[in-house]
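Report on one structure; see the data block that follows.
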2 protein chains.
Amino acid sequence: MKYTEKLRNSGLRPTKQRLQICEVLFDTEKTFHFTINELSLKIKKQIDNKISLATIYNTVHAFEKKGYLKQIPINSNETYFDTNVCDHHHFYDLKKEKLIDLENADVGPIDIKRKIDGKKIKSVEILVKLED
Amino acid sequence: MKYTEKLRNSGLRPTKQRLQICEVLFDTEKTFHFTINELSLKIKKQIDNKISLATIYNTVHAFEKKGYLKQIPINSNETYFDTNVCDHHHFYDLKKEKLIDLENADVGPIDIKRKIDGKKIKSVEILVKLED
DNA sequence: ACACTTTTTTAGAATCATTATAAACTACAT
DNA sequence: ATGTAGTTTATAATGATTCTAAAAAAGTGT
Ligand SMILES: [Mn+2]
Ligand SMILES: [Mn+2]
Ligand SMILES: [Zn+2]
Ligand SMILES: [Zn+2]
């Protein structure tokens, strides 16, 4: 199995459920953004057996902790995740409530001039809100 | 009263509760970031009568719609608001779970090269996550 | 002041994404 | 095969937010 190794190396047992969720998340041409609800529907469509909602939450959080998923800060009642874990930025279409990737090349260099004592920059993310 | 005019001009009746919330939000040296829960505690401390939680939610949303408050996109179970409605960016101290304003002068010019057909840019916000 | 309409406040209920619980199940080492 | 820790699951609990509908307050006209 394609993801068995990856999971083992992360200290996660390669269970049937996790492997199936890996397929849904990572066996795609393109990366994508999703909420837990959207992922849950996607799994139902692509997989024959049922995976409980609790397991989906558990797995998404486990994968996020391991760096295989990223949470996107956005004002919504649902949490958004991203299978694209490279540094990149986002458009947010307010009407459609959809995220669009902004490649790093799509944004000029970002210069953060201020420093905070004793703190390091972990990430720099731009959110560009779009209206009609 | 200081805020009566401002509320009337916005089509909001200057009620006792709204005027008191205005004082808590806007009668300060510096702007600040808050969650509804934090604001609720602040109101309890600063004013003698009780304002119901529903009114605090209603008022904050009304003020946000009128542009007197801004919501800050951040990954938290609580919504963060900002009394600083000028364009600006944020540090987010992951340990303390606190936002810190980044003045526009603290950030070099931002160049968004990509365009989306039929969409206008409404805002561009940077979130800089800080770790130890 | 009074009558009338519209907006606002409020306590409490409802919603709903998320997290916790704890029992059954599974992976894996010995 | 047995033991142990990790995982899944149905279900309950949590908690921020929104809804409801009745009472109160604000605004308008007379
Ligand atoms: Mn959320
Ligand atoms: Mn929220
Ligand atoms: Zn993305
Ligand atoms: Zn701010």
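Residue numbers begin at 1 in each chain, while the letters A, B, ... track the order of the sequences. Since the model is a prediction, treat every value here as computed from it, not as a measurement.
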Cut-off 3.5 Å, side chains only: do D101(A) and N84(A) have a donor facing an acceptor? yes
Between dA16(D) atom C1' and L39(B) atom CG, what is the distance in whole Å? 15 Å
Any Q17(B) side-chain nitrogen or oxygen under 4.0 Å from OP1 or OP2 of dT10(C): yes
Kindly indicate whether the side chain of R18(B) and the base of dT8(C) share any N or O donor-acceptor pair separated by less than 3.5 Å? no
For E5(A) and dC28(C), give me the distance from atom CD to atom P, rounded to whole Å. 12 Å
Whole-Å distance separating the CG atom of N37(A) from the P atom of dC16(C): 11 Å
So, using ring-ring contact (aromatic ring centres under 6.0 Å, His included) as the criterion, who are the partners of H33(B) when residues are at least two apart? H90(B)
Is it true that Q20(A) and N49(A) share a donor-acceptor pair across their side chains at a distance under 3.5 Å? yes
Taking 4.0 angstrom as the limit, do E23(A) and K2(A) come out as a salt bridge? no
What is the distance, rounded to the nearest whole Å, between atom CD of E78(B) and atom P of dA17(C)? 18 Å
Within residues 48-64 of chain A, which residues have any heavy atom lying less than 4.0 Å from an atom of DNA chain D? K50(A), I51(A), S52(A), A54(A), T55(A), N58(A)
Report yes or no: is the cationic atom of K6(A) (NZ for Lys, CZ for Arg) under 6.0 Å from the centre of the six-membered ring of Y68(A), at an angle within 45° of the ring normal? yes
May I ask you to evaluate whether T35(B) reaches the phosphate of dA16(D), defined as a side-chain N or O under 4.0 Å from OP1 or OP2? no
Would you say E38(A) has more than 12 foreign heavy atoms packed within less than 6.0 Å of its CD? yes
Is the terminal nitrogen or CZ of K70(A) (NZ for Lys, CZ for Arg) located under 6.0 angstrom from the six-membered ring centre of Y80(A) and within 45° of that ring's axis? no
State which of dT8(C), dT7(D), dA16(D) makes the closest approach to the side chain of N77(B). dA16(D)
Give a yes/no on whether any side-chain N or O of T15(B) is located under 4.0 angstrom from OP1 or OP2 of dT7(C). no
Candidates dA27(C), dG27(D), dT9(D) - which lies nearest the side chain of R8(B): dG27(D)
Tell me the interatomic distance from I74(A), atom CD1, to dA17(C), atom C1', rounded to whole angstroms. 16 Å
Start at the 5' end of DNA chain D and walk down; is the nucleotide closest to L12(A) or to P14(B) reached first? L12(A)
Whole angstrom is fine here: how far is it from CG in N75(B) over to C1' in dT18(C)? 14 Å
Whole-Å distance separating the CZ atom of R13(B) from the P atom of dG27(D): 6 Å
Over how many whole Å does the gap from K65(A) atom NZ to dT7(D) atom C1' extend? 15 Å
